[in-house]
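Presented below is the structure to which this report refers.
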There are 2 protein chains.
Amino acid sequence: MKIGDIANKTGFSIETIRFYEKQNLVKNVGRHINNYRDYGDEQIAQLVFIKQCRNIGLSNKEIKILQSHLENPQSECGEVNQLIASALKKIREQLKLLHETELQLNYLNSLCNHNGASHECGIMNELRTTRHF
Amino acid sequence: MKIGDIANKTGFSIETIRFYEKQNLVKNVGRHINNYRDYGDEQIAQLVFIKQCRNIGLSNKEIKILQSHLENPQSECGEVNQLIASALKKIREQLKLLHETELQLNYLNSLCNHNGASHECGIMNELRTTRHF
DNA sequence: ATTGACCCTATATTTACTTCAGGGTTTATA
DNA sequence: TATAAACCCTGAAGTAAATATAGGGTCAAT
Ligand SMILES: [Zn+2]
Ligand SMILES: [Zn+2]
Ligand SMILES: [Zn+2]
Ligand SMILES: [Zn+2]
């Protein structure tokens with residue numbers, strides 16, 4: 001299977017798939033006689049796994065850790081638990097911050113909806129105001 | 001005022017403040033005779049404004065646009081409105097994605113809390129499972 | 001034989017900083 | 001007065017996670 005085929009099949013871009021190979025997230029990629037990359041079921045499984053991990057916000061570094069547990073089925077999964085728990089914690093912190101950001105943006109958004117001079121703009125006036133100091 | 005002082009006063013790191021000067025987000029920085037940077041109220045105001053913008057998730061590029069409205073008080077603020085509205089839209093999209101991520105992570109988190117072999121781990125089994133294909 | 005659709009490598013660009021290497025200056029103290 | 005700690009400088013490289021670009025090879029069809 002050529003790179004364009006597996007890109008279609010998995011939803012990753014061609015460049016991303018080549019990048020993942022360079023990062024050793026996609027492994028054991030074969031080559032055709034003409035030097036084109038050759039992919040099989042193993043690489044599809046790898047990319048599916050990567051996609052699952054991306055969907056829960058893991059970094060490529062963290063994905064590698066989980067891959068090592070895939071490859072060492074006898075390893076203890078404590079590290080896996082911790083990784084997921086810490087990812088969840090990070091996501092919740094991000095959510096909290098984003099919620100605050102949303103509130104503030106929503107407020108700003110309400111301060112001006114006309115087209116006037118910037119120095120009379122409610123948004124600019126609010127942003128110009130010193131806070132938190 | 002030296003860079004360490006303004007760093008303390010504004011909460012930005014020294015390196016970040018130098019970086020912002022290079023990016024022309026902080027402007028008109030003076031110099032002492034010994035070549036040390038010299039900051040005043042103008043730079044404090046600039047950094048306060050930058051902080052406000054960061055708090056609502058704006059990029060440095062977007063901050064520059066808002067700065068140009070500060071510097072041109074007669075400019076029409078339509079661009080400001082649009083920028084804030086589009087930032088709000090982006091934040092809401094991010095929130096939606098993060099909420100889904102949280103759900104999935106929370107589910108994964110419930111699948112294992114013991115310490116066993118990875119190939120029997122509920123988390124790993126779930127991640128290994130092909131979905132969305 | 002030439003076009004268009006693919007594929008290759010290597011390098012550069014992006015964002016927003018952070019870190020590092022290799023210095024000079026100022027201030028406190030012994 | 002010497003010296004060490006604390007602070008400042010520049011320029012370059014590193015970070016994450018791709019994306020884009022330059023320059024060129026391969027393949028299928030017309
Ligand atoms: Zn919510
Ligand atoms: Zn306005
Ligand atoms: Zn097993
Ligand atoms: Zn487990």
Side-chain angles (χ1 to χ4, degrees), chain A residues 1-27 29-40 43 46-47 49-67 83 86-87 90-91 94 97-98 101, chain B residues 1-27 29-40 43 46-47 49-67 83 86-87 90-91 94 97-98 101:
Chain A
M1 190 176 13
K2 287 191 286 179
I3 197 166
D5 302 324
I6 199 171
N8 281 336
K9 214 164 266 196
T10 60
F12 288 103
S13 81
I14 289 175
E15 292 77 18
T16 298
I17 292 171
R18 281 198 284 244
F19 169 72
Y20 283 165
E21 184 182 349
K22 213 179 289 171
Q23 300 290 301
N24 207 32
L25 281 163
V26 171
K27 297 160 190 178
V29 180
R31 292 280 175 153
H32 291 278
I33 325 138
N34 59 11
N35 199 34
Y36 286 12
R37 288 176 179 79
D38 190 11
Y39 299 93
Q43 285 72 42
Q46 288 166 8
L47 285 168
F49 185 77
I50 291 170
K51 180 149 283 193
Q52 301 264 37
C53 291
R54 275 173 47 113
N55 283 344
I56 52 174
L58 300 187
S59 70
N60 292 359
K61 210 173 199 171
E62 291 170 318
I63 296 176
K64 282 188 186 185
I65 293 173
L66 292 189
Q67 282 182 334
L83 202 154
S86 119
K90 275 184 223 149
I91 291 290
Q94 277 185 50
L97 277 176
L98 270 190
T101 302
Chain B
M1 189 173 17
K2 287 192 286 180
I3 196 166
D5 302 324
I6 199 171
N8 280 337
K9 214 164 266 195
T10 61
F12 288 103
S13 81
I14 289 174
E15 292 78 19
T16 299
I17 292 171
R18 281 198 285 246
F19 170 73
Y20 282 165
E21 184 183 348
K22 213 180 289 174
Q23 300 290 302
N24 207 32
L25 280 163
V26 171
K27 298 162 191 177
V29 179
R31 292 281 174 152
H32 292 278
I33 325 140
N34 59 12
N35 199 34
Y36 286 12
R37 287 176 179 79
D38 190 11
Y39 299 93
Q43 285 73 42
Q46 288 166 8
L47 285 169
F49 184 78
I50 291 170
K51 180 149 284 195
Q52 300 264 36
C53 292
R54 274 172 48 112
N55 282 345
I56 53 174
L58 300 186
S59 70
N60 291 359
K61 211 173 197 171
E62 292 169 317
I63 296 177
K64 282 188 185 184
I65 293 173
L66 292 189
Q67 281 182 335
L83 201 155
S86 119
K90 273 184 224 154
I91 292 291
Q94 277 185 49
L97 277 176
L98 269 191
T101 302

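Protein chains get the first letters and strands the later ones, always in sequence-line order, with residue 1 at the start of each.
Between the C1' atom of dC17(C) and the CG atom of L47(B) lies a distance of 15 Å, rounded to the nearest Å. Put simply, CD1 on I17(B) is 10 Å from P on dC9(D), counting in whole angstrom units. Atom-to-atom, CG of N35(B) to P of dT25(C) comes out at 9 Å; the value is rounded to the nearest Å. As a whole-Å value, the separation of Y36(A) OH from dT26(D) P is 8 Å. Counting to the nearest Å, the C1' atom of dA6(D) and the CD1 atom of I14(B) are 11 Å from each other. Atom pair K22(B):NZ and dA13(D):P shows a separation of 12 Å (rounding to whole Å applied). Here dT26(D) presents its P atom at 13 Å from CZ of R31(A), a figure rounded to the nearest Å. Between the C1' atom of dC9(D) and the CD1 atom of I3(B) lies a distance of 10 Å, rounded to the nearest Å.
Between S13(B) and the phosphate of dC17(C), there is no side-chain N or O to OP1/OP2 separation shorter than 4.0 Å. An OP1 or OP2 oxygen of dC6(C) is reached within less than 4.0 angstrom by no side-chain nitrogen or oxygen of R37(A). Proximity of R18(B) to the phosphate of dT10(D): no side-chain N or O atom is located under 4.0 Å from OP1 or OP2. Remark: N34(B) is not in phosphate contact with dC8(D), judged by side-chain N or O atoms under 4.0 Å from OP1 or OP2. A close approach under 4.0 Å does occur between a side-chain nitrogen or oxygen of T16(A) and OP1 or OP2 of dT19(D).
Cation-pi contact between K2(B) and Y39(B): absent, since separation from the ring centre below 6.0 Å together with deviation from the ring axis within 45° is not met.
Here the closest heavy-atom approach between residue D38(B) and residue M1(B) is recorded as OD1-N, 2.8 Å. Scanning both residues, I63(A) and F49(A), for their nearest heavy atoms gives O-CE2, 4.3 Å.
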Would you tabulate the pairs of protein nitrogen or oxygen atoms and nucleotide nitrogen or oxygen atoms of nucleotides 13-16 of chain C closer than 3.5 angstrom?
| unit_1 | atom_1 | unit_2 | atom_2 | d |
| --- | --- | --- | --- | --- |
| dA16(C) | OP2 | N60(B) | N | 3.4 |

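Distance check: L98(B) CG to L97(A) CG gives 10.5 Å after rounding to the nearest 0.5 Å. I14(B) contributes atom CD1, which lies 10.5 Å from atom CZ of R37(B) (distance to the nearest 0.5 angstrom).
Between K2(B) and E15(B), the residue whose closest nucleotide on DNA chain C is further toward the 5' end is E15(B).
Look at K27(A) and E21(A) and you find no salt bridge, because none of the NZ, NE, NH1 or NH2 atoms lies under 4.0 Å from a carboxylate O.
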Requested in this report: Under the salt bridge (Lys or Arg N to Asp or Glu O under 4.0 Å) rule, what do E15(A) and K22(A) come out as? Steps first, then yes or no, please.
Outcome: CA-CA 11 Å; E15(A) 292 77 18; K22(A) 213 179 289 171; over 6 Å; no
